Amino acid sequence: MPEMPEVETIARKLRREIVGKTVSEVRLSGLSLRRPVDAAFAAVLRGRKVAAVHRRGKYLVLQLEPRAFALIHLGMSGRVFHWQGEIAPTPHTHGLIGFTDGSMLEYRDPRRFGLLSAHDGPRMRDIVEIKALGREPLSPGFDCEWLWPRLSASRREVKSFLLDQREIAGLGNIYVCEALFHAKIHPARRCHTLTQEEASRLVRAIRKVLRGAINNRGTTFSDFVASDGEPGSNQRFLRVFQRAGRKCRRCRAVIRCLRQSNRGSYYCPGCQV
DNA sequence: GCATTACCCTGAAAGC
DNA sequence: TGCTTTCAGGGTAATG
């Protein structure tokens with residue numbers, strides 16, 4: 001499941017591969033993703049040049065020239081490939097963006113929880129999906145001074161807060177579980193009960209797990225691979241995620257899994273209070 | 001404002 | 001072996 005480090009890995013790769021290329025054609029499967037792909041998607045992209053590749057939260061953003069933006073969200077199972085030359089679409093290929101040099105960008109998404117959208121003209125920060133996103137966890141503004149007042153004002157469970165993209169953009173289930181482990185905070189703790197020291201630990205833990213995951217080119221289970229098809233290696237460093245029933249590497253307690261908002265929360269009952 | 005539930009979807013794993 | 005069922009989860013919407 002692609003979260004911020006996986007999307008960042010793809011963005012870095014695409015930055016080297018497709019910036020400067022001009023879109024010659026766009027083919028869509030016609031099947032609906034998270035929502036139907038707008039009929040204008042192809043028209044907005046065709047003939048435009050890729051000026052830059054950005055990442056915002058879990059969105060991959062292609063900045064086009066003349067000014068327009070294409071948003072790609074990978075959902076649960078989305079993958080992006082850059083191919084040299086013509087390729088045959090798979091049953092799960094929902095978007096093919098061809099460039100004038102003959103290479104192609106393929107969007108593949110078996111579960112179709114992802115999103116493709118195009119926006120002609122606006123500033124990036126005014127795009128509705130981007131506008132809704134909270135702070136970037138690796139930006140200079142993501143610190144305890146920013147986070148603690150927000151935690152103090154919320155009675156939600158901290159796991160739910162951290163997954164909320166309107167608060168912090170880019171965290172998903174894997175890295176929230178891992179960050180809470182490193183910060184020694186139980187996922188069901190109510191935000192307002194966290195001390196300033198715990199909030200500070202949480203900030204450091206979030207930055208640590210994300211930076212580590214980016215360095216490892218993301219976490220690969222079954223779904224995620226970078227745009228060249230190479231898997232990431234961060235799964236080797238996970239401490240709690242999908243390790244229920246196994247022993248904590250720090251305290252030897254047995255890792256548990258509880259359900260929060262219908263998602264699995266993995267934690268160590270020995271380390272996390 | 002927040003929690004809960006359902007929904008979208010399909011591959012993998014488990015169960016029979 | 002082969003079929004059916006269950007589970008996984010990001011984001012959104014409806015409901016309480």
Side-chain angles (χ1 to χ4, degrees), chain A residues 1-10 28-38 55-61 71-80 89-95 107-117 127-134 136-137 149-180 187-194 210 213 218-225 229 231 234-235 238 240-245 255-267:
Chain A
M1 44 223 93
E3 302 180 23
M4 186 269 246
E6 290 75 30
V7 181
E8 179 65 30
T9 299
I10 296 169
L28 300 169
S29 70
L31 293 174
S32 184
L33 301 176
R34 184 198 310 169
R35 59 170 193 250
V37 181
D38 197 297
R55 180 200 55 76
R56 181 76 174 89
K58 300 178 194 175
Y59 285 94
L60 205 53
V61 184
L71 261 54
I72 301 174
H73 193 291
L74 302 174
M76 284 289 302
S77 57
R79 291 160 70 171
V80 173
T90 73
H92 302 305
T93 300
H94 302 297
Y107 176 78
R108 208 187 283 179
D109 185 4
R111 283 178 233 186
R112 289 158 52 196
F113 280 12
L115 177 140
L116 294 176
S117 69
I127 297 169
V128 59
E129 289 91 345
I130 301 295
K131 213 173 182 173
L133 296 173
E136 282 290 326
R150 277 167 176 73
L151 292 172
S152 302
S154 173
R155 303 187 73 81
R156 305 167 73 177
E157 292 179 338
V158 64
K159 169 89 186 294
S160 162
F161 179 94
L162 296 176
L163 281 174
D164 190 337
Q165 302 300 301
R166 295 167 300 182
E167 300 285 353
I168 303 170
L171 291 178
N173 210 24
I174 298 175
Y175 299 112
V176 167
C177 289
E178 293 298 310
L180 287 169
R189 281 277 297 281
R190 299 281 167 181
C191 293
H192 69 102
T193 70
L194 267 60
L210 292 177
T219 301
T220 299
F221 289 110
S222 53
D223 294 323
F224 169 73
V225 288
N234 196 63
Q235 61 280 4
L238 300 180
V240 288
F241 189 77
Q242 291 197 345
R243 292 193 72 243
I255 304 294
R256 289 189 195 154
C257 179
L258 64 86
R259 310 280 317 160
Q260 289 178 289
S261 316
N262 237 358
R263 277 137 178 79
S265 291
Y266 297 86
Y267 69 101

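Worth saying up front: this structure is predicted, and the values here are computed from it rather than measured. Every chain is numbered from 1, with letters handed out A, B, ... down the list of sequences.
The CD-C1' distance, from A:Gln242 to C:dA8, rounds to 8 Å in whole Å. We find that CG of A:Leu115 is positioned 21 Å from P of C:dG9, with the value rounded to whole Å. At whole-Å resolution of the value, NE2 in A:His192 and C1' in B:dG1 are 13 Å apart. A:Arg112 places its CZ atom 14 Å from the C1' atom of B:dC7, with the value rounded to the nearest Å. If you measure from atom CZ of A:Phe161 to atom P of B:dA3, you get 11 Å, rounded to the nearest angstrom. The CZ-C1' distance, from A:Arg263 to C:dA8, rounds to 9 Å in whole Å. Per the geometry, CD belonging to A:Gln260 stands 16 Å off P belonging to B:dC2, to the nearest Å. Separating the CD1 atom of A:Ile174 from the C1' atom of C:dG10 is a distance of 12 Å, rounded to the nearest angstrom.
Residue A:His92 has no polar side-chain atom (N or O) positioned under 4.0 Å from OP1 or OP2 of B:dC9. Residue A:Arg259 places at least one side-chain N or O under 4.0 Å from the OP1 or OP2 atom of C:dA8. Contact check, A:Arg111 against B:dT10: no side-chain N or O comes under 4.0 Å of OP1 or OP2. Of the side-chain N and O atoms in A:His73, one or more sit less than 4.0 angstrom from OP1 or OP2 of C:dG11. A sub-4.0 Å separation between OP1 or OP2 of C:dT12 and a side-chain N or O of A:Arg35 is absent. Side-chain nitrogen and oxygen atoms of A:Gln165 include at least one within less than 4.0 Å of the OP1 or OP2 phosphate oxygen of C:dG11.
Within 6.0 Å of the CZ atom in A:Arg259, the count of heavy atoms belonging to other residues, nucleotides or ligands exceeds 12.
A:Glu136 has a carboxylate O that lies under 4.0 Å from a charged side-chain N of A:Arg56, or vice versa, which qualifies the two as a salt bridge. Of the charged side-chain nitrogens involved, at least one lies within less than 4.0 Å of a carboxylate oxygen, so that A:Arg35 and A:Glu129 count as a salt-bridged pair.
When heavy atoms are screened at a 4.0 angstrom cut-off, A:Ser154 is found touching the sugar-phosphate backbone but no base atom. Residue A:Arg190 is classed as a sugar-phosphate contact, given heavy-atom separations below 4.0 Å to backbone atoms only. Within 4.0 Å (heavy atoms only), A:Gly114 reaches no atom of the nucleic acid at all.
A stacking contact links A:Phe113 to C:dG10: the aromatic ring centre lies within less than 5.5 Å of the base's six-membered ring centre, and the planes differ by less than 30°.
The aromatic rings of A:His73 and A:Tyr59 sit perpendicular, their planes meeting at an angle over 60°, well past the 30° parallel limit.
Of the possible polar contacts, none joining the A:Ser154 side chain to the A:Leu151 backbone as a donor-acceptor pair under 3.5 Å is found. Judged by distance alone, with hydrogens and angles left aside, the side-chain atoms of A:Glu167 form no donor-acceptor pair with the main-chain N or O of A:Asp164 at under 3.5 Å.
Side-chain proximity of A:Phe241 to the nucleotides C:dG10, C:dG9, B:dT10 is greatest for C:dG9. Between B:dA3, C:dT12, C:dG9, one nucleotide has an atom nearer to the side chain of A:Met76 than all others, and that is C:dG9. Each of B:dC2, B:dC8, B:dT10 was ranked by its minimum atom distance to the side chain of A:Arg156; first place goes to B:dC2.
Residue order along DNA chain B, read from the 5' end via each residue's closest nucleotide, puts A:Ser160 first among A:Ser160 and A:Leu31.
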